Amino acid sequence: MSEELEELRQEIKQLRETNTNLEQQIIKITAERDSGRQNAADESDAATKLRMDNVALKLKVTNLQQQLNSPLSSTAGLKVAQRLQGKLSSLFEQAVSASKQLADNSSQRLKDITQKYLKEAMLRKELYNKLQELRGNIRVFCRVRRDDRGESILQFPSKSELVVPKLQGGKETLEFDRAFGPNASQEEVFEDTKPIVMSCVDGYNVCIMAYGQTGSGKTFTMMGPDNNPGVNPRAIKELFDALCITKRSSILARLNVSTPEDLLQFIEIGNQHRSTGATKMNTDSSRSHLLLQIKVQGFNTITRATTYGKLTLVDLAGSERVSKTEASGDRLVEAAAINKSLTNLGQVFRALASGSPHIPYRNSKLTHLLQDSLGGDAKVAMFVNTSPLESNLSETSMTLSFGQNIRKVELGPAKRNTGPPRPKDALKRKPK
Ligand SMILES: Nc1ncnc2c1ncn2[C@@H]1O[C@H](COP(=O)(O)OP(=O)(O)O)[C@@H](O)[C@H]1O
Ligand SMILES: [Mg+2]
């Protein structure tokens with residue numbers, strides 16, 4: 001009898017351990033479920049019910065144990081013990097099955113939801129890419145900076161139109177893919193740029209550029225101040241957020257980075273090394289182009305295909321004519337080179353627009369570097385930045401007509417760079 005009682009005690013002890021174990025499992029599964037992208041109330045109800053069942057079972061076990069510990073006469077004791085054992089094992093089975101059900105439900109739902117989410121994200125991307133192919137693969141955005149020093153001479157009758165005074169008198173209306181006025185926020189600007197940026201995850205080469213005279217807001221648009229970030233930091237953040245399976249990001253100097261902060265710091269270093277000559281026009285004038293190139297390797301968990309895309313972010317040097325800056329010596333030579341590269345950029349777009357078999361990519365370092373991001377299989381967003389002030393009208397007109405010319409380019413449907421599907425276990429392997 002006492003032996004049997006001892007056995008029963010051991011079993012209760014075991015049962016208690018199992019119960020603790022089950023509890024932990026439930027906590028884990030609940031946490032997993034909560035981290036999933038869903039808010040299914042029914043499941044949460046089920047989890048609560050199962051959790052309550054578990055508590056109830058635990059209470060019963062405690063209760064039974066108390067009965068067992070109370071003094072018993074030998075035969076009656078044995079009977080009680082047998083009955084208790086039966087009850088305990090049935091309770092134990094119930095607890096196990098309840099926990100198992102919870103685990104199955106949660107992980108299956110989590111799987112379903114993740115799958116659904118991925119499918120929808122893919123569909124959205126595909127629709128966007130189709131839309132963009134229909135509209136051609138070059139977007140030209142005009143952005144007129146805010147300038148509190150004077151009145152704006154430009155008007156914005158719609159989201160895509162800009163009314164500008166003509167040098168010879170009168171006014172003309174120009175159309176862009178978007179025309180951002182002086183009050184457009186960085187968020188608004190990025191909203192329209194983001195889908196283009198993100199298509200590099202799908203394996204497209206993407207180039208975002210800012211063109212305009214010094215002081216027109218190129219750096220503000222691309223980099224932006226710390227407290228009001230522009231396209232670059234936002235793009236980098238989006239990329240890091242989106243690429244849960246990011247393999248590698250290498251930029252210009254083939255520097256490997258693993259966080260957006262590293263990458264931004266690297267841009268900062270690049271910025272400090274930019275030659276900033278004190279030209280007469282603006283002491284902060286950036287007399288060089290700043291290129292940031294990010295290679296993005298994506299892996300589609302549904303189609304199991306690897307994509308190779310590239311994002312190039314370019315803050316071009318000021319487009320103002322050399323004479324205006326009255327540079328001399330080294331500065332003049334530098335200015336001439338800048339003018340040549342910008343002129344050549346225009347020529348490349350013109351050649352693309354006319355469908356010429358020869359595109360003069362190699363005529364300048366800039367277009368050479370951008371070759372695979374400006375051609376037929378790339379997506380381009382060009383910001384033409386201008387001042388709103390009358391005193392800059394002549395440069396503004398030149399900048400706007402540069403933008404209008406680029407708008408005429410039809411790149412044709414962009415091509416993806418996609419690798420062959422990988423075997424299923426490849427996911428677990430570390431990227432090379
Ligand atoms: N959209 C804007 N809103 C407010 N300030 C702007 C805007 N664009 C440019 N600025 C300001 O104008 C100045 C010149 O802009 P910047 O981006 O440096 O020109 P760029 O790079 O073309 O030479 C900076 O002080 C910048 O903060
Ligand atoms: Mg600048």
Side-chain angles (χ1 to χ4, degrees), residues 140-156 159 162 164 176 178-193 208-235 264 267-292 312-322 324-327 331 334-335 337-339 341-342 345 366 381-400 402-403 406:
V140 183
F141 301 134
C142 162
R143 188 184 197 185
V144 178
R145 66 164 281 195
R146 211 188 73 206
D147 200 328
D148 300 333
R149 291 170 296 187
E151 290 272 314
S152 171
I153 52 162
L154 306 166
Q155 280 116 43
F156 302 85
K159 272 183 146 188
L162 172 78
V164 55
F176 290 93
R178 269 306 301 268
F180 295 106
N183 294 322
S185 66
Q186 301 281 67
E187 285 81 10
E188 263 175 84
V189 169
F190 188 65
E191 209 40 51
D192 280 84
T193 323
I208 318 277
M209 270 187 277
Y211 178 98
Q213 80 175 115
T214 299
S216 61
K218 296 182 296 299
T219 305
F220 186 90
T221 297
M222 297 306 288
M223 200 57 197
D226 283 348
N227 60 359
N228 194 10
V231 170
N232 293 1
R234 287 174 200 268
L264 285 171
I267 302 172
E268 210 33 63
I269 296 165
N271 256 334
Q272 283 159 14
H273 283 84
R274 273 182 101 167
S275 119
T276 49
T279 58
K280 265 199 169 177
M281 194 161 155
N282 185 334
T283 43
D284 277 329
S285 153
S286 294
R287 307 304 301 144
S288 61
H289 311 296
L290 180 68
L291 269 86
L292 172 69
T312 310
L313 301 158
V314 193
D315 184 352
L316 292 165
S319 61
E320 60 274 7
R321 281 155 295 179
V322 184
K324 207 171 182 180
T325 65
E326 289 172 36
R331 291 275 164 247
E334 199 181 71
I338 288 161
N339 263 36
S341 62
L342 288 176
L345 183 65
L366 176 69
M382 168 75 82
F383 282 98
V384 290
N385 290 93
T386 80
S387 152
L389 306 181
E390 175 142 43
S391 55
N392 287 314
L393 182 58
S394 113
E395 282 299 339
T396 296
S397 301
M398 304 248 306
T399 300
L400 293 174
F402 181 88
I406 290 176

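What you see is a predicted model; the values in this text were computed from it and never measured. Read the numbers this way: they start at 1 and go in the same order the structure lists the ligands and their atoms. Every heavy atom of this structure was used, including side-chain atoms; hydrogens, water molecules and symmetry mates were not.
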**Report entry** Proximity winner for atom 21 (O) of ligand 1, if only heavy atoms of Thr219, Asn228, Asp315 are counted
**Finding:** Thr219
Requested in this report: From atom 14 (C) of ligand 1, work out which of Ser185, Ser319, Gly215, Gly224 has a heavy atom at the shortest distance.
Outcome: Gly215
Decide whether an N or O pair under 3.5 Å exists between [X] and ligand 1.
{"X": "Phe220", "result": "yes"}
{"X": "Thr221", "result": "no"}
{"X": "Pro182", "result": "no"}

Need the ligand 1 atom indices (1-based, order shown) with element for anything under 4.0 Å from a heavy-atom of [X].
{"X": "Gln213", "value": "22 (O)"}
{"X": "Arg146", "value": "1 (N), 2 (C), 3 (N), 4 (C)"}
{"X": "Thr214", "value": "23 (O)"}
{"X": "Lys218", "value": "17 (O), 19 (O), 20 (P), 21 (O), 22 (O), 23 (O)"}

Query - Derivation of the side chain to side chain contact (heavy atoms under 4.5 Å, CB included) call for His289 and Ser341 - result: CA-CA 10 Å; His289 311 296; Ser341 62; 2.8 Å; yes
Report task. Determine, stepwise, if the pair Leu162 / Val144 fulfils side chain to side chain contact (heavy atoms under 4.5 Å, CB included). Result -> CA-CA 10 Å; Leu162 172 78; Val144 178; 4.2 Å; yes
[X] vs [Y] side-chain heavy atoms within contact, under 4.5 Å:
{"X": "Arg143", "Y": "Val189", "answer": "yes"}
{"X": "Phe220", "Y": "Asn228", "answer": "yes"}
{"X": "Leu316", "Y": "Leu342", "answer": "yes"}

Report task. Could you tell me whether Arg143 approaches ligand 1 through its side chain, its backbone, both or neither, with non-hydrogen atoms closer than 4.0 Å? Result -> side chain
Query raised in the report: NZ of Lys218 to CG of Asn385: how many Å apart, nearest 0.5 Å?
Result: 7.0 Å
Give a yes/no verdict on whether any heavy atom in [X] is under 4.0 Å from an atom of ligand 1.
{"X": "Asn385", "result": "no"}
{"X": "Met223", "result": "no"}
{"X": "Gly318", "result": "no"}
{"X": "Ser216", "result": "yes"}

Query raised in the report: What is the ring orientation for Phe383 with Phe141, classed by angle as parallel under 30°, tilted 30 to 60°, or perpendicular over 60°?
Result: tilted
Requested in this report: Decide yes or no on side chain to side chain contact (heavy atoms under 4.5 Å, CB included) for Met209 and Leu345, but give the supporting numbers first.
Outcome: CA-CA 11 Å; Met209 270 187 277; Leu345 183 65; 4.0 Å; yes
**Report entry** Test item: Glu390 side-chain N/O and Glu151 main-chain N/O as donor-acceptor pair under 3.5 Å
**Finding:** no
Requested in this report: Show the numbers, then the answer: is there a side chain to side chain contact (heavy atoms under 4.5 Å, CB included) between Thr396 and Leu389?
Outcome: CA-CA 9 Å; Thr396 296; Leu389 306 181; over 6 Å; no
Query raised in the report: Can an N, O or S atom be found in Thr214 less than 2.8 Å away from the Mg ion (ligand 2)?
Result: no
